[in-house]
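Basis for what follows: all heavy atoms, side chains included, without hydrogens, waters or symmetry-related copies.
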2 protein chains.
Amino acid sequence: MTPTITVSRWLDLLQSAGCRVTAPRRAIVELMVGTSRALGPIEVFDLGRAEHPGLGLVTVYRTLEKLEELGLIERVHLPDGCHRYLRTADGHQHLLLCTTCGLVQTFAGDDLDPLTGKVASDTGFAINEHWLQFFGTCPDCRKPISTLSES
Amino acid sequence: MTPTITVSRWLDLLQSAGCRVTAPRRAIVELMVGTSRALGPIEVFDLGRAEHPGLGLVTVYRTLEKLEELGLIERVHLPDGCHRYLRTADGHQHLLLCTTCGLVQTFAGDDLDPLTGKVASDTGFAINEHWLQFFGTCPDCRKPISTLSES
DNA sequence: CTTGTATTGAAAATGATTTTCAATTACAAT
DNA sequence: ATTGTAATTGAAAATCATTTTCAATACAAG
Ligand SMILES: [Mn+2]
Ligand SMILES: [Mn+2]
Ligand SMILES: [Zn+2]
Ligand SMILES: [Zn+2]
């Protein structure tokens, strides 16, 4: 699905949820649909003002909250900030984050059921959720500095 | 190792690191050694004042920071708070948290190497760290209410 | 004991998030 | 298209968590 279509889908979903479609919201939705990094409120604010000058930080907070309620974005915890937001992936996915540039990718295929079962029976806990994230360095950030100068 | 011995070991380590052993620090160390929940600064402050009235919140922040530097405690991220601290476990362990009462246990035995390798080769990332946490309900919190009244 | 310095807690400063509120705007109903 | 109304907006103020500053205190080495 192309970004433009996703943007209208999100706006439609907002409207279906009884919200009005406004310029500030459109700007924030475009940002969150298009980014490949997890963004914090201030980043969304700064980037958003490029698109919609006069955008208020309060509106950023409120819109992110609403998008999270609708399940379109999710809060991401990073070592250097716990109020980052990222487009929700389809299905059961986990995050792989570049600790150098912040690039985020997702991956699937974790089979934690055996371990979950073992831990549950060992401890007596009823386990119903897990957090899994991988951290590393993305292909671009692994390139030597010499390569970077050739842009 | 008994709690008392662990407390003196932590205090010794503090001293070896060039720190002085003071009443506020002792109170906080006792708390962190003894707890089975991840505690935030305010909780440590409140609980600590029972032991050492007049304890200052600033001292709590500073002491937790120091203990983290020494690797004795670790920051824990939870859905409802990202500045919780918990005694560091030995070896490679992960956390299992009760979402009802906050009880924390650890578990080992996650074998994520195959998955890590696959994701690394799929994405080109160099993966060097992972976060894994299980959430659930502990044995006590699973008991029906009727059982709880029998104390 | 004396001394030098790390540590303490109160208060002030900072920074992030939330609340309040009057003005504006989207949009459903005419 | 016009209107009415409730949702939304952004500025400012309030709140909350964390950090900094600083003068007084207390640890521990000698
Ligand atoms: Mn999973
Ligand atoms: Mn592991
Ligand atoms: Zn967090
Ligand atoms: Zn529990």
For A:L57 and C:dG15, give me the distance from atom CG to atom P, rounded to whole Å.
14 Å

Within a 6.0 Å radius of atom CG on A:D111, are there more than 12 heavy atoms belonging to other residues, nucleotides or ligands?
yes

Taking NZ from A:K66 and C1' from D:dA7, how many angstroms apart are they, rounded to a whole number?
9 Å

Within the side chain of B:T35, is there an N or O that forms a donor-acceptor pair under 3.5 Å with the backbone of B:M32?
no

Per-nt protein contacts along nucleotides 24-30 of chain D (heavy atom under 4.0 Å; B base, S backbone sugar-phosphate only, - none) come out as --BBS--

Rounded to the Å, how far apart are B:D46 CG and D:dC16 P?
15 Å

Under 6.0 Å from the CG atom of B:D90, do we count more than 12 heavy atoms belonging to anything else shown?
no

Using every non-hydrogen atom in the two residues, find where A:L78 and A:C82 come nearest and quote the distance to one decimal.
O-SG, 4.0 Å

Under 4.0 Å, counting only non-hydrogen atoms across every strand here, what does A:L55 touch: a base, just sugar-phosphate, or nothing?
sugar-phosphate

Smallest heavy-atom separation, B:L97 atom then A:F125 atom, equals C-CE2, 3.8 Å

Determine, for A:R84 against A:E43, whether the closest basic-nitrogen to carboxylate-oxygen distance falls under 4.0 angstrom.
yes

Do the charged groups of A:D140 and A:K143 touch, with an N to O distance under 4.0 Å?
yes

Whole-Å distance between C:dT18 P and A:R62 CZ?
11 Å

When you check the phosphate oxygens OP1 and OP2 of C:dA26, does a side-chain N or O of A:R25 lie under 4.0 Å from one of them?
no

Rounded to whole angstrom units, what separation is found between the NE2 atom of A:H83 and the P atom of C:dA16?
11 Å

From CG of B:L64 across to P of D:dT18 the rounded distance in Å is 10 Å

What is the distance from CZ of B:R49 to P of C:dA10, rounded to the nearest Å?
6 Å

Side-chain N or O of B:H52 closer than 4.0 Å to phosphate OP1/OP2 of C:dG9
yes

Gap between atoms CG and P, on A:L11 and C:dC27 respectively (whole Å)
10 Å

Can you tell me which nucleotide in D:dT9, C:dT8, D:dT18 comes closest to the side chain of B:Y61?
D:dT18

